[in-house]
Q: 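Take a look at this one; I'll ask things after.
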Amino acid sequence: MTGERPRLLLAGDTALTVELSDTVDPAINARVIALDRALADAKLSGIVETVPTYRSLQIHYDPEAISIETLTATIERLAVDLDDTLAAGRRWTVPVAYGGQHGIDLDAVAERTGLTADEVVERHMAGDYRVYMIGFQPGFTYLGGLDPKLHLPRRETPRLKTPAGTISIGGIQAAVASIEAPSGWHLLGRTPVRAFDAARTDPFLFRPGDRIRFERISAADFDTLSQRAEDGWSPPCEAA
Amino acid sequence: MSPPLLRCVDPGPLATIQDSGRHGWQRFGVSVAGAMDPVGLAIANLLAGNPPGTAAIEVTLLGGTWEAGADSVRLAIGGADFSLTIDGRPAAPGRAHTLQRGQRLALSAAANAARGYLAVAGGFDFEAVLGSRSTHLRSRLGGIDGGPIRTGQELPLALASAPAGPDLALDPAALPARPARIRAIPGPQDDAFTREGLETLFSADYTVTPEADRMGARLSGPKVQHAGGYNIVSDGIAPGSIQVPGAGQPIVLFADRQTTGGYPKIATVISADLGFLARCRPGDVVRFARTDLAGAAMHRRALADQLRRFAAALAPARGTASLDSARLLAHNLVDGVTDALAEP
């Protein structure tokens, strides 16, 4: 499949952002992953690492080892004819304790969207989410498929601390957080599932292309499952 | 024989192990971390006789106190000026010092930067995580246990004693100069701002606020005007990204920055200048200047040349090694008595 020419945006003198779109779209995300693979196959010297996101590919490079001209010419050539067939992801059901101490913004989100708190939870749980990328912190899982009624701007001032396992929404995105971190998003709930656990054989639970659904659990179930997660539990998944 | 180590008597407000960073894992959300001031790290390491990116201790504002738990340990400092004492007696700045077992090197407050680097000849001896020994505090990765260095902690060393040869001294005239203005390249989302917004960033004075850490520094100054909204779909974040949330106050992102984020990034500090910006402390004034890729390349190469000249200008410290050892040994004996008397 061919598409529009990507926008090549300078991110200083050691990184280049290749923007395929400014929207969240499964087909765009598939093209990002395809471009990332094509670039890896091209085996250019001077590429330090690449970071695929929803709609762009960031390339960290050593400017003394590869010129910007070589890099941009290669990207433009590869972007002409991308094979964006993606391996099917896995399916996960992620338990969430909504509201109260675990989701301190639930009532505010209800107020701003004109819904009741239960309606916000129902709409959030109704989503069939696609994992678009892992970023921001180890295992932080960005999701597409959020009900448009729940699209809200981020907070003007980010919070400096939010807990591990936070289930949040920001703009048109939804997320599963892995560890304690700052955030400018709205906190709806918390999951005992650990998206990142350095002690696990595979430290990163989710992969781009996976599907996620949320299911509501009580605060008591959250405590029980948190204890099990401490001992290595993670939810089962099935092939799509 | 106990393994060689460096004992932390007092870490100061924050001390962490840092090297040149954890590269290759940002696709899994793993931050690069690494020294906030790579020039300071390189200076400390070169003075200690190490490769420039060797893992060292990054101290913050106060340099702390460190005790040799090996037959001898050679230590060197870079990135900031400190007054030094060895077992309470003044020690010369601008040179490496070899401590004998039990001797303590104490660093004052940093005179002119937020952070300094304490390098050990031969480096530390503990496992790297994902290819790096750098500590990333927020994800508790790297270092010895993912956290800051604690009082009483013993840091294992690679060498049982200081390498043969004299302690080196630096030439202060050969230290890389701090640029008057921090240079930045517009983008990747400069089109999310008005022309006035860009002009404001590149002309106004900004003050580093107390909300400044290894992840980033929030600046305070004239509001940078967005062209439209202040939300974008999250994408990658380069080192030195200047992101501007809705309130219009810029945040410069440093070593512990997240790998991706959703505020528009108006400009990116060039690689040569980022370490100098990271030296700024709360209350310091920062001025940005606009440059491009050609300017960045020129400054990058000039900095590399300065570091080469710095390395070439290293020379044995004044006084012979044997006299030095005798003097240090004498201090050790005297202070040993003092310490014994101080015990309850």
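Note that the structure is predicted; figures quoted are calculated from it, not measured. Reminder, nothing fancy here: chain letters follow the sequence lines and each chain counts from 1.
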Q: First locate atom CD1 of Ile28(A), then atom OG1 of Thr53(A), and finally report the distance between them rounded to the nearest 0.5 Å.
A: 11.0 Å
Q: Do you know which of Ser21(A), Pro182(A), Pro203(A) has the most heavy-atom pairs under 4.5 Å to chain B?
A: Pro182(A)
Q: Can you tell me which portion of Gln249(B) sits under 4.5 Å from chain A's heavy atoms? Options are side chain, backbone, both or neither.
A: neither
Q: Between Arg155(A) and chain B, with a heavy-atom cut-off of 4.5 Å, which part of the residue counts as in contact: side chain, backbone, both or neither?
A: backbone
Q: I need the residue from Thr259(B), Val269(B), Val233(B), Thr268(B) with the largest number of non-hydrogen atom pairs under 4.5 Å to chain A.
A: Val233(B)
Q: Arg194(A) versus Arg200(A): any side-chain heavy-atom pair under 4.5 Å?
A: yes
Q: Under a 4.5 Å heavy-atom cutoff, which of Gly146(B), Pro188(B), Ala247(B) has the most pairs with chain A?
A: Pro188(B)
Q: Can you say whether Arg140(B) sits under 4.5 Å from chain A via the side chain, the backbone, both, or neither, judging by heavy atoms?
A: neither
Q: Using non-hydrogen atoms and a 4.5 Å limit, figure out which bit of Ile68(A) sits close to chain B: side chain, backbone, both or neither.
A: side chain
Q: For the ring pair Phe196(A) and Phe28(B), is the centre-to-centre distance below 6.0 Å?
A: no
Q: Kindly indicate whether the side chain of Arg112(A), heavy atoms from C-beta on, has any atom under 4.5 Å from the side chain of His186(A).
A: yes
Q: Measure from the ring center of His124(A) to the ring center of Tyr129(A) and say whether it is less than 6.0 Å.
A: yes
Q: Between Ile270(B) and chain A, which part of the residue has a heavy atom less than 4.5 Å away: side chain, backbone, both or neither?
A: both
Q: Could you check whether the rings of Tyr142(A) and Phe140(A) sit parallel, tilted or perpendicular, using 30° and 60° as the cut-offs?
A: perpendicular
Q: With Arg290(B) as the cation and Phe288(B) as the aromatic partner, state whether NZ or CZ is under 6.0 Å from the six-membered ring centre and within 45° of the axis.
A: no
Q: Under 4.5 Å from any heavy atom of chain A, what part of Asp190(B) do you find: side chain, backbone, both or neither?
A: neither
Q: Kindly indicate, with the supporting measurements, whether the criterion salt bridge (Lys or Arg N to Asp or Glu O under 4.0 Å) is fulfilled by Arg130(A) and Asp25(A).
A: CA-CA 10 Å; Arg130(A) 181 176 192 277; Asp25(A) 180 312; over 6 Å; no
Q: Would a 4.5 Å heavy-atom cut-off, applied to side chains only, mark Thr200(B) and Lys223(B) as touching?
A: no
Q: First locate atom CG of Leu201(B), then atom CD1 of Ile242(B), and finally report the distance between them rounded to the nearest 0.5 Å.
A: 5.0 Å
Q: Could you tell me which of Ser271(B), Ser139(B), Ala297(B) has the largest number of non-hydrogen atom pairs under 4.5 Å with chain A?
A: Ser271(B)
Q: Under 4.5 Å from any heavy atom of chain B, what part of Ala11(A) do you find: side chain, backbone, both or neither?
A: both
Q: Given the rule in the salt bridge (Lys or Arg N to Asp or Glu O under 4.0 Å) test, do Arg300(B) and Asp13(A) qualify, once you have shown the distances and angles that lead to the verdict?
A: CA-CA 9 Å; Arg300(B) 197 171 62 238; Asp13(A) 58 326; 3.0 Å; yes
Q: Taking CD in Glu76(A) as the centre, count heavy atoms belonging to other residues, nucleotides or ligands within less than 6.0 Å. Is the count above 12?
A: yes
Q: Is it the side chain or the backbone of Arg218(B) that comes within 4.5 Å of chain A heavy atoms, both, or neither?
A: side chain
Q: Which region of Arg154(A), side chain (C-beta onward) or backbone (N, CA, C, O), has a non-hydrogen atom less than 4.5 Å from a non-hydrogen atom of chain B, or is it both or neither?
A: both
Q: Using non-hydrogen atoms and a limit below 4.5 Å, what part of residues 165-179 of chain A faces chain B?
A: Ile172(A), Gln173(A), Ile179(A)
Q: Pick whichever of Ala272(B), Ala296(B), Gly240(B), Ser234(B) has the most heavy-atom pairs under 4.5 Å with chain A.
A: Ser234(B)
Q: Contact part of Leu130(B) toward chain A, heavy-atom cut-off under 4.5 Å: side chain, backbone, both or neither?
A: neither
